[in-house]
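Naming: A, B, ... by sequence-line order, numbering from 1 per chain.
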Number of protein chains: 2
Amino acid sequence: MAAPSARSRRRADAERSIARIVSAARTLLSSDPNATTDDIAQAAGVGRMTLYGHFRTRADLVEAALTDALRTGEETLSSIDLTGDAGDAMTRLLASSWALVAESAALLAAAEGVLPEGRVRDMHAEPARRMAELIRRGQEQGAFRTDLPTTWLVSLVQYILHGAAAEVRAGRLPSDEAAYVVTRSVQSVLTG
Amino acid sequence: MAAPSARSRRRADAERSIARIVSAARTLLSSDPNATTDDIAQAAGVGRMTLYGHFRTRADLVEAALTDALRTGEETLSSIDLTGDAGDAMTRLLASSWALVAESAALLAAAEGVLPEGRVRDMHAEPARRMAELIRRGQEQGAFRTDLPTTWLVSLVQYILHGAAAEVRAGRLPSDEAAYVVTRSVQSVLTG
DNA sequence: ACTAACTCGTACGTTCATGTACGAGCTTTT
DNA sequence: AAAAGCTCGTACATGAACGTACGAGTTAGT
């Protein structure tokens with residue numbers, strides 16, 4: 001939700017501070033979901049008071065960080081070609097999704113712990129819609145199974161992605177094998 | 001780890017208190033992973049001080065509750081027939097595992113947040129070993145795929161179970177469909 | 001019954017991050 | 001250059017759990 005004009009009463013230096021804070025929040029929270037406002041302000045090279053001048057609560061900040069991550073992600077995902085064979089399209093979508101999920105897993109955990117129930121899911125409406133649509137198209141093509149609810153298949157793909165991220169983090173799955181493993185797993189779960 | 005003789009200097013009423021506390025902890029933590037020691041003592045019908053007399057820290061208590069849940073679970077799981085066709089055996093194992101996972105998901109989350117890194121996984125050594133062995137047997141039978149690491153397949157089954165539990169909790173998957181959905185999903189992920 | 005163990009209330013001390021209040025001094029903007 | 005907006009330190013208030021200390025009363029074991 002970049003609002004260049006809606007709230008353009010902000011001065012240029014404020015704009016800069018906000019950007020640095022959000023960026024620092026993304027970075028820090030992506031490695032430690034429990035990073036404090038103090039940590040984040042410090043990493044942003046900004047006083048804690050400045051931070052509170054722009055974000056009333058820690059939750060606000062976490063949400064802003066997640067929003068930013070999602071916006072960035074959308075830039076990548078929205079440019080993927082999802083036409084043609086659904087299986088191939090899924091492979092392409094997964095390759096990009098995997099990187100994004102792995103990168104922001106901890107940030108997501110932070111948001112889940114601080115934002116109101118369901119908010120995080122709502123924020124993922126766009127990527128979820130994209131995935132659901134591709135799966136549905138695959139089902140119509142006869143490439144994907146239809147014996148399980150589409151909703152469940154969408155969720156399942158998410159769980160596989162997050163699971164793989166967790167395995168990599170824990171050192172039980174080499175990160176260079178992850179994309180392959182994710183792709184094969186998702187394909188078999190979608191084709192039945 | 002029931003130690004009937006190792007520490008039998010405990011009086012009968014103490015034994016009783018401990019049992020009630022652990023039981024209350026299991027129940028409460030299974031619905032709210034953030035239940036406080038106060039909540040638990042109250043639910044156990046015991047003073048908070050009594051609780052602290054038996055468990056030095058909250059972490060100790062959570063661990064005891066999880067240990068108890070796992071012990072109970074083992075009683076069920078160890079009696080399952082895992083011989084014969086690996087696919088069928090897996091179906092039987094999943095049916096029981098599903099119920100256990102769904103029931104204690106929140107307790108698990110509590111433990112994950114409070115116990116040292118890796119402890120929760122270590123405590124699951126026995127069920128993990130059982131699952132791994134069955135998968136390996138299925139691979140030898142030619143029933144299960146061998147193109148993905150067995151370790152990953154074991155983890156993946158866990159993620160599917162926990163994912164389904166989350167979907168049910170969120171009301172996105174009717175609980176009476178869950179077992180079916182889990183079984184089909186796991187089977188297709190294991191057969192490739 | 002006598003001793004040791006257990007219960008449990010009240011009260012306190014601790015910790016830690018969150019968020020607020022105030023105000024002096026810098027930047028932008030116009 | 002003047003006004004408005006921003007920065008940011010210090011200091012404080014808050015709140016939530018955790019965990020400790022003390023001590024009087026109760027219950028079990030032998």
Side-chain H-bond candidate by donor/acceptor type, A:T91 with A:Q187, under 3.5 Å | yes
Specify the separation, in whole Å, of atom CZ of B:R11 and atom P of D:dT26.
-> 14 Å
Starting at the 5' end of DNA chain D and moving along, which residue's nearest nucleotide shows up first, B:D38 or B:D13?
-> B:D38
Outermost nucleotides of DNA chain C that come under 4.0 Å of a non-hydrogen atom of chain A = C:dA17 to C:dT29
Run the salt-bridge test on B:R130 and B:E74 with the 4.0 Å N-O cut-off and return the result as yes or no.
-> yes
Closest to side chain of A:M49, choosing from D:dC6, D:dT10, D:dC18 = D:dT10
Ranking B:R48 and B:S17 by the position along DNA chain C of their nearest nucleotide, the one closer to 5' is B:S17
Which donor-acceptor pairs under 3.5 Å do side chains of residues 131-147 of chain A form with protein atoms, sequence neighbours excluded?
unit_1, atom_1, unit_2, atom_2, d
A:E133, OE1, A:R129, NH1, 3.4
A:E133, OE2, A:R129, NH1, 3.2
A:R137, NH1, A:G84, O, 3.2
A:R137, NH2, A:L82, O, 2.6
A:R137, NH2, A:G84, O, 2.9
A:Q139, OE1, A:T150, OG1, 3.3
A:Q139, NE2, A:R145, O, 2.9
A:Q141, OE1, A:A86, N, 3.2
A:Q141, NE2, A:G84, O, 3.2
A:R145, NE, A:D147, OD1, 2.7
A:R145, NH1, A:V189, O, 2.9
A:R145, NH1, B:S188, OG, 3.0
A:R145, NH2, A:D147, OD2, 3.3
A:D147, OD2, B:R184, NE, 2.9
A:D147, OD2, B:R184, NH2, 2.5

Any Lys/Arg nitrogen of B:D13 or B:R16 sitting under 4.0 Å from an Asp/Glu carboxylate oxygen of the other?
-> no
Using a strict 4.0 Å threshold on nitrogen-to-oxygen distance, state whether B:E15 and B:R11 make a salt bridge.
-> no
Separation of B:Y52 atom OH from D:dA17 atom P, in whole Å?
-> 11 Å
By nearest-nucleotide position on DNA chain C, the 5'-leaning member of A:R16 and A:T36 is A:T36
Write down the distance between CZ (B:R56) and P (D:dT20), rounded to a whole number of angstrom.
-> 9 Å
Give the rounded distance in Å between these two atoms: CG of A:L51 and P of D:dT7.
-> 11 Å
Side-chain heavy atoms under 4.5 angstrom apart, residues restricted to Ile, Leu, Val, Met, Phe, Trp, Tyr: same cluster for B:L156 and A:L190?
-> yes
Would you say D:dC8 has OP1 or OP2 under 4.0 Å from some side-chain N or O of A:T50?
-> yes
Atom-pair distance (CG on B:L61; P on D:dG19), nearest Å | 10 Å
Would you kindly give the CD-to-C1' distance between A:E15 and D:dT7, to the nearest whole Å?
-> 16 Å
Which comes earlier along DNA chain D counting from the 5' end, the contact point of B:A12 or that of A:V46, where each point is its nearest nucleotide?
-> A:V46
Interatomic distance where NE2 belongs to A:H54 and P belongs to D:dC6 [whole Å] | 7 Å
Is any side-chain nitrogen or oxygen of B:R58 closer than 4.0 Å to OP1 or OP2 of D:dC18?
-> yes
Are any of the side-chain nitrogens in B:E112 or B:R121 under 4.0 Å away from the carboxylate oxygens of its partner?
-> no
